[in-house]
Amino acid sequence: MNKNQPTRPDGTRDFSPEVMAKRNYILQTIRAVYQRYGFLPLETPAMENLDVLTGKYGDEGDQLIFKILNSGDFLKDLPADAVTSMGSKKMASKIAGKALRYDLTVPFARYVVMNRGTLTFPFKRYQIQPVWRGDRPQKGRYREFYQCDADVVGTDSLLCEAEIILMINEVLGKLGVQNFQVKINHRQILNGIAEAIGAMDKFSDICVGIDKLDKIGLDKVMQELADRGVSGESIAQLKPILAFEGNLQEKLTYLTTLFENSPNGQKGLADMRAITQMLNSFAQAKDFPTDLHIDFDLTLARGLSYYTGAIFEVKVEGVQVGSISGGGRYDDLTGAFGVPDLPGVGFSFGIDRLYDALEELNLFPAEATVATQILMIGFDEASFAYCLPYLYELRQAGFATELYPTVEKKIKKPMSYANNRGIPFAVLAGSDEMQVGEFSVKNMLSGEQQRVKAGELKTFFATK
RNA sequence: GACUUUGUAGCUCACCUGGUUAGAGCGCCAGUUUGUGGCACUGGAGGCAGUGGGUUCAAGUCCCAUCAUAGUCCCCA
């Protein structure tokens with residue numbers, strides 16, 4: 001093995017042309033839907049000032065932020081004994097003033113705060129960019145990965161929630177995904193449950209616990225909750241709630257009685273009803289899908305984080321990948337930057353997982369991968385030059401066309417090139433063709449070859 | 001932060017309990033075909049076995065360290 005073989009950092013990937021074609025297909029689909037719902041594109045820099053990011057993701061999150069060493073002599077303002085006197089955390093802030101973004105939400109919040117004077121609210125933006133996290137890579141988890149966020153800030157209208165459900169359906173519909181579930185729940189319903197079982201003080205523990213339900217099973221969740229100090233009585237009451245089966249209506253009815261004394265829970269139920277009512281009105285439209293794949297899931301919790309209202313997660317059935325999309329409503333996007341009371345709601349597609357799901361379901365269309373359509377080949381210097389004007393014209397006519405860039409003694413070389421690249425047509429020119437102003441056009445798939453007048457190349461390919 | 005897996009040709013991998021010049025398939029190059037790819041056949045190039053130590057008469061094979069790798073836990077997308 002070559003001792004100097006270069007490598008990539010752990011947890012990063014190269015995207016080959018074949019993979020990029022498929023990724024772009026996904027991205028274009030998502031982008032088109034976002035835009036049709038009135039979301040505007042936004043990009044923010046890969047790096048942010050470190051203090052913008054720290055403290056927003058908890059202690060664990062802070063450790064996973066990639067910090068960028070100051071340029072120049074980054075040690076010059078540090079005391080000689082800095083390593084022992086300051087500790088790594090304080091020292092990091094002295095020698096690294098910038099860091100790679102950890103998600104798209106915090107940079108977005110920063111952007112909103114900086115531009116709050118000029119933005120028109122409600123502000124709807126989408127943002128598709130990579131983010132970086134310094135944790136151990138695992139299956140489907142990378143240190144550099146893309147997020148595709150769409151958020152609305154500056155309104156608490158539940159229309160946003162309803163539209164998110166529609167957007168998810170449209171994206172997956174266009175991508176050809178048939179079997180999926182848009183799981184939806186509400187933080188205040190979870191709140192109400194905690195209240196109803198008399199464990200309000202353990203609310204966040206309960207959320208973290210039941211979030212793992214589908215992963216580790218009911219018994220282990222119960223065990224974990226006990227370990228986290230939830231009383232046995234509360235756990236006993238929680239069990240039938242999590243196990244409750246029924247459709248959306250039945251669940252709402254069940255919870256209504258459960259939440260008799262829980263204002264939080266009642267607010268959550270009211271939101272859920274409003275969202276479903278709006279979707280029912282949408283359904284009056286012609287050609288509206290008969291099924292929005294909604295699954296009101298009381299066990300959906302989405303970890304801790306900043307969600308305060310409705311929460312979403314999307315699962316594709318029949319594939320190994322976890323959830324491919326998630327999101328929710330938050331009361332206060334920008335509070336950490338000194339601008340309180342700016343509510344919003346957003347969601348995000350995990351395109352790496354979406355990619356895996358489409359691959360597994362074999363849903364990528366063949367067109368997503370084609371590249372060059374025509375390869376021109378000149379046998380000698382004169383015919384090479386003879387090709388050039390037609391190369392230009394074929395491209396102008398919209399055909400992805402290349403001329404093999406060198407004159408080869410053996411024609412085998414450019415022919416293999418066409419073959420390996422999967423280029424369907426070879427256009428050959430030598431002295432014979434030049435003399436009569438023609439080209440030999442070879443169909444690389446069938447092997448057929450025919451003469452075509454030079455001036456008729458464009459129309460010839462237009463029918464192919 | 002903890003643990004585990006793997007590291008041999010450009011790629012995917014063999015080499016059984018340590019024993020001569022480390023193999024295969026694919027790919028690459030050349031030829032059979034001096035203006036025609038795929039298919040077939042023939043030939044060829046390409047390796048100090050991740051790196052550094054140790055044990056041994058002898059190490060790709062055993063031991064230690066180190067680096068890389070991808071997976072599990074935590075957490076998250």
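Numbered from 1 within each chain, the chains take letters A, B, ... in sequence-line order.
Between A:Lys139 atom NZ and B:C73 atom C1' the separation is 17 Å, expressed in whole Å. When the P atom of B:C28 is taken as reference, atom CG of A:Asn420 falls 6 Å away, rounded to whole Å. Taking atom CG of A:Asn419 as the reference point, atom C1' of B:G37 lies 5 Å away to the nearest angstrom. The CZ-P distance, from A:Arg8 to B:C67, rounds to 20 Å in whole Å. A:Arg136 has its CZ atom 20 Å from the P atom of B:A77, to the nearest Å. Rounded to a whole Å, the CG atom of A:Asp62 is 15 Å from the P atom of B:G1. Straight-line distance from the CG atom of A:Asp103 to the C1' atom of B:C76: 11 Å, rounded to whole Å. As a whole-Å value, the separation of A:Lys315 NZ from B:A77 P is 13 Å.
Straight-line distance between the P atoms of B:C3 and B:A77: roughly 27 Å, to the nearest whole Å. Going from the C1' atom of B:C73 to that of B:U8 covers 32 Å, rounded to whole Å. Here, B:G27 and B:A68 have their P atoms 34 Å apart, quoted to the whole Å. The same atom, P, is picked in B:G35 and in B:A30; the two are 14 Å apart, to the nearest Å. To the nearest whole angstrom, the two C1' atoms, one in B:A14 and one in B:A49, are 13 Å apart. The P atoms of B:A9 and B:G43 are separated by 24 Å, rounded to the nearest whole Å. A gap of 37 Å separates the C1' atoms of B:U17 and B:G44, to the nearest Å. Rounded to whole Å, the P atom of B:C11 lies 13 Å from the corresponding atom of B:C48.
Ring-base stacking between A:Phe379 and B:G35 is not satisfied when judged by a centre separation under 5.5 Å and a plane angle under 30°.
Nucleic acid contact class of A:Arg353 (heavy atoms, under 4.0 Å, all strands): sugar-phosphate only. Here A:Ser348 lies out of heavy-atom contact (under 4.0 Å) with every strand. Counting any heavy atom pair closer than 4.0 Å across all strands shown, A:Gly447 reaches a base atom. Residue contacts shown for A:Pro9 are limited to sugar-phosphate atoms, with no base heavy atom under 4.0 Å away. Here A:Glu433 lies in heavy-atom contact (under 4.0 Å) with a base. Within the 4.0 angstrom heavy-atom criterion, base atoms lie near A:Leu428. Note on A:Leu445: a base of the nucleic acid sits closer than 4.0 angstrom, heavy atoms only. Nucleic acid contact for A:Arg421: none, since no nucleic acid atom lies under 4.0 Å from a heavy atom of the residue. In this structure, A:Gly140 reaches the bases: a heavy-atom distance under 4.0 Å links it to at least one base atom across the strands shown. Across all strands shown, A:Lys413 has no heavy atoms under 4.0 Å from either base or sugar-phosphate atoms. A:Tyr142 comes within contact range of at least one nucleobase, with a heavy-atom separation under 4.0 Å. In this structure, A:Asp10 reaches the sugar-phosphate backbone alone: every heavy-atom distance under 4.0 Å involves primed, P, OP1 or OP2 atoms, never a base. Looking at heavy-atom distances under 4.0 Å, A:Gln63 makes no contact with the nucleic acid at all.
Aromatic rings from A:Phe399 and A:Phe425 are positioned such that their centres are separated by 6.0 Å or more. Ring centroid separation for the pair A:Phe384 and A:Tyr404 does not come in under the 6.0 Å cut-off. The ring of A:Tyr34 has its center closer than 6.0 angstrom to the ring center of A:Tyr126.
Remark: A:Arg125 is positioned above the aromatic ring of A:Phe108, its terminal NZ or CZ atom under 6.0 angstrom from the ring centre and at most 45 degrees off the axis. The cationic atom of A:Arg133 (NZ for Lys, CZ for Arg) lies less than 6.0 Å from the six-membered ring centre of A:Tyr102 and within 45° of the ring axis. Geometrically, A:Arg110 does not engage A:Phe337 in a cation-pi contact, judged by NZ or CZ lying under 6.0 Å from the ring centre and within 45° of the ring axis.
In this structure, B:G43 and B:C29 make a Watson-Crick or G-U wobble pair, each of the two defining distances being under 3.5 angstrom. Summarising the base pairing, B:G35 is matched to no nucleotide, lacking a Watson-Crick or G-U wobble pair whose two defining distances lie under 3.5 Å. Pairing for B:U17 is absent, with no Watson-Crick or G-U wobble pair whose two atom distances lie under 3.5 Å. Both distances falling under 3.5 Å, in either a Watson-Crick or a G-U wobble arrangement, place B:A65 opposite B:U51.
Ion pairing of A:Lys453 with A:Glu438 is present here, as a side-chain N (NZ or NE/NH1/NH2) and a carboxylate O approach within less than 4.0 Å. The pair A:Asp352-A:Arg141 does not count as a salt bridge, with every side-chain nitrogen at least 4.0 angstrom from each carboxylate oxygen.
Positionally, the nearest nucleotide of RNA chain B for A:Ser416 lies more toward the 5' end than for the other of A:Ile324 and A:Ser416. Of the two residues contacting RNA chain B, namely A:Thr12 and A:Ser323, the nearest-nucleotide position lying further toward the 5' end is that of A:Thr12.
The base of B:G37 lies close enough to the side chain of A:Lys442 for a donor and an acceptor atom to sit less than 3.5 Å apart. With hydrogens and angles left out, the side chain of A:Arg141 and the base of B:C75 share a donor-acceptor pair within 3.5 Å.
Distances shorter than 4.0 Å separate some side-chain N or O of A:Lys410 from OP1 or OP2 on B:G31. When the side-chain nitrogen and oxygen atoms of A:Gln138 are compared with OP1 and OP2 of B:U72, one or more of them lie within a distance under 4.0 Å.
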